[in-house]
Amino acid sequence: MNVKAKVAARNSLLRKPANSNWGADPKTLRTTALALSYSTAEYSSAVWARSCHAKKVDAELKTLAAFYPRARLKSRKSFRTVESVKPDQAASHRLELWNTWDNTTNEAIQPPKEQLSSGRELQRKDWVTLNRARAKVGKTASTLHKWKLRPNSECPCGNQNQTMDHILFECTEGPHCTDQDLRDCTDAAQAWITHWRDKI
């Protein structure tokens, strides 16, 4: 009897407790599968592992996955499964948790919701610039100086520290806009984006 036939015979035994009502738990099924089928398949595998027929044994071993449920990675579990939320309440519960977790005071960022924020219809380069401004992170002189890519953090307008807040609200080199403008992607925000998109 070849290896495939031996594994298949043991798999047929495993189907009995897996499909019965007497309650074989997953741990028992897994232990039994390792003891019966996997041990048989691995015996002398160093000899036949490179054979062109090895895939036949693999096919039999893959059928074991149907006999017992495997635990999924924690990060891949469904939000609703983990939180035991009713399907019709899942979205509101997710937003409630998001609001509890989110403690930002940045007015340029929209409150948590399922939809993308304003400005999503912009070209990619403009959209990136808008979100850099909202997050107050960009290739400003201050950041480049911190990364040791510039000798200083001075702004062309003469300010000693060119930060994102500076070019948004104070810099005389270009237009200004408020956090509210950024959040709503107003004309003022778009004018600011057009001026600064190739610079930050």
Side-chain angles (χ1 to χ4, degrees), residues 26 30 49-50 58 61-62 65 69-200:
R30 184 176 186 277
R50 295 182 183 276
D58 289 341
L61 291 176
K62 287 178 181 177
R70 299 187 176 206
R72 301 179 69 188
L73 294 175
K74 187 175 182 181
S75 61
R76 295 191 180 183
K77 284 185 177 178
S78 161
F79 184 93
R80 287 178 292 184
T81 301
V82 174
E83 300 296 335
S84 299
V85 178
K86 294 179 180 178
D88 58 335
Q89 298 175 359
S92 60
H93 185 65
R94 182 164 54 248
L95 286 175
E96 182 182 340
L97 288 180
W98 190 359
N99 276 307
T100 303
W101 170 82
D102 181 35
N103 56 5
T104 181
T105 57
N106 187 348
E107 294 294 327
I109 299 175
Q110 71 172 13
K113 61 181 180 180
E114 295 289 341
Q115 295 78 27
L116 286 173
S117 53
S118 302
R120 56 188 174 275
E121 70 284 348
L122 296 174
Q123 295 294 321
R124 172 170 170 74
K125 195 166 190 178
D126 294 345
W127 174 244
V128 169
T129 305
L130 173 62
N131 285 308
R132 284 179 178 173
R134 285 170 169 166
K136 304 295 190 286
V137 176
K139 295 182 290 183
T140 60
S142 175
T143 302
L144 294 175
H145 178 61
K146 186 190 299 183
W147 293 344
K148 303 187 186 310
L149 297 175
R150 274 189 61 144
N152 57 61
S153 61
E154 187 175 347
C155 181
C157 73
N159 189 285
Q160 293 301 310
N161 197 22
Q162 188 197 52
T163 62
M164 188 63 76
D165 281 337
H166 168 72
I167 61 178
L168 279 169
F169 311 129
E170 304 166 356
C171 187
T172 57
E173 293 290 307
H176 299 161
C177 69
T178 65
D179 283 345
Q180 184 69 37
D181 291 327
L182 292 173
R183 186 171 66 184
D184 298 335
C185 194
T186 63
D187 291 341
Q190 293 186 43
W192 184 92
I193 291 168
T194 301
H195 179 81
W196 289 102
R197 66 186 170 194
D198 296 320
K199 302 173 184 177
I200 64 161

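Fair warning: this is a prediction, and the values are worked out from it, not measured in the lab.
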TODO: Let me see the working for Leu182 and Leu168 under side chain to side chain contact (heavy atoms under 4.5 Å, CB included), right down to the final yes or no.
DONE: CA-CA 10 Å; Leu182 292 173; Leu168 279 169; 3.8 Å; yes
Task: Candidate pair Val137 and Thr143, rule side chain to side chain contact (heavy atoms under 4.5 Å, CB included), full reasoning - done: CA-CA 8 Å; Val137 176; Thr143 302; 6.0 Å; no
TODO: Walk me through it: do Phe169 and Thr163 pass the test side chain to side chain contact (heavy atoms under 4.5 Å, CB included)?
DONE: CA-CA 10 Å; Phe169 311 129; Thr163 62; over 6 Å; no
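Between atom OG1 of residue Thr140 and atom CG of residue Asn161 there is a gap of 8.0 Å, rounded to the nearest 0.5 Å. The structure places CD1 of Ile167 at 10.5 Å from NZ of Lys136, a figure rounded to the nearest 0.5 Å. Rounding to the nearest 0.5 Å places NZ of Lys139 at 9.0 Å from OG1 of Thr129. For the atom pair Ile193 CD1 and Trp127 CH2, the distance stands at 9.5 Å (nearest 0.5 Å). Here CD of Glu121 is found 6.0 Å from SG of Cys185. Values are rounded to the nearest 0.5 Å. Note: Arg183 CZ to Arg134 CZ = 9.5 Å, rounded to the nearest 0.5 Å.
Side-chain contact between Asn159 and Glu154 is absent, with no heavy atoms from C-beta onward closer than 4.5 Å.
The closest side-chain donor-acceptor pair between His166 and Gln162, if any, does not fall under 3.5 angstrom.
The backbone N or O of Lys125 sits nowhere less than 3.5 Å from a side-chain atom of Arg197 that would complete a donor-acceptor pair. When atom types are taken as modelled, the side chain of Asp184 and the backbone of Thr186 share no donor-acceptor pair closer than 3.5 angstrom. A donor-acceptor distance shorter than 3.5 angstrom exists from the side chain of Arg132 to the backbone of Ile200, with no hydrogens or angles considered. Looking only at distances, no side-chain donor or acceptor of Asp181 sits under 3.5 Å from a matching main-chain atom of Asp187. Between the side chain of His176 and the backbone N or O of Cys171 there is at least one donor-acceptor pair closer than 3.5 Å. No donor-acceptor pair closer than 3.5 Å links the side chain of Ser142 to the backbone N or O of Ser153. Although no hydrogens or angles enter the test, the distance criterion places no donor-acceptor pair under 3.5 Å between the side chain of Asp126 and the main chain of Leu122.
No more than 12 heavy-atom neighbours from other residues, nucleotides or ligands sit within 6.0 angstrom of CD on Gln123. Counted within 6.0 Å of NZ on Lys199, heavy atoms from surrounding residues, nucleotides or ligands total more than 12; the atom is thus considered enclosed.
Taking all atoms of both residues into account, the shortest heavy-atom contact from Ser118 to Leu130 is O-CD2, 3.7 Å.
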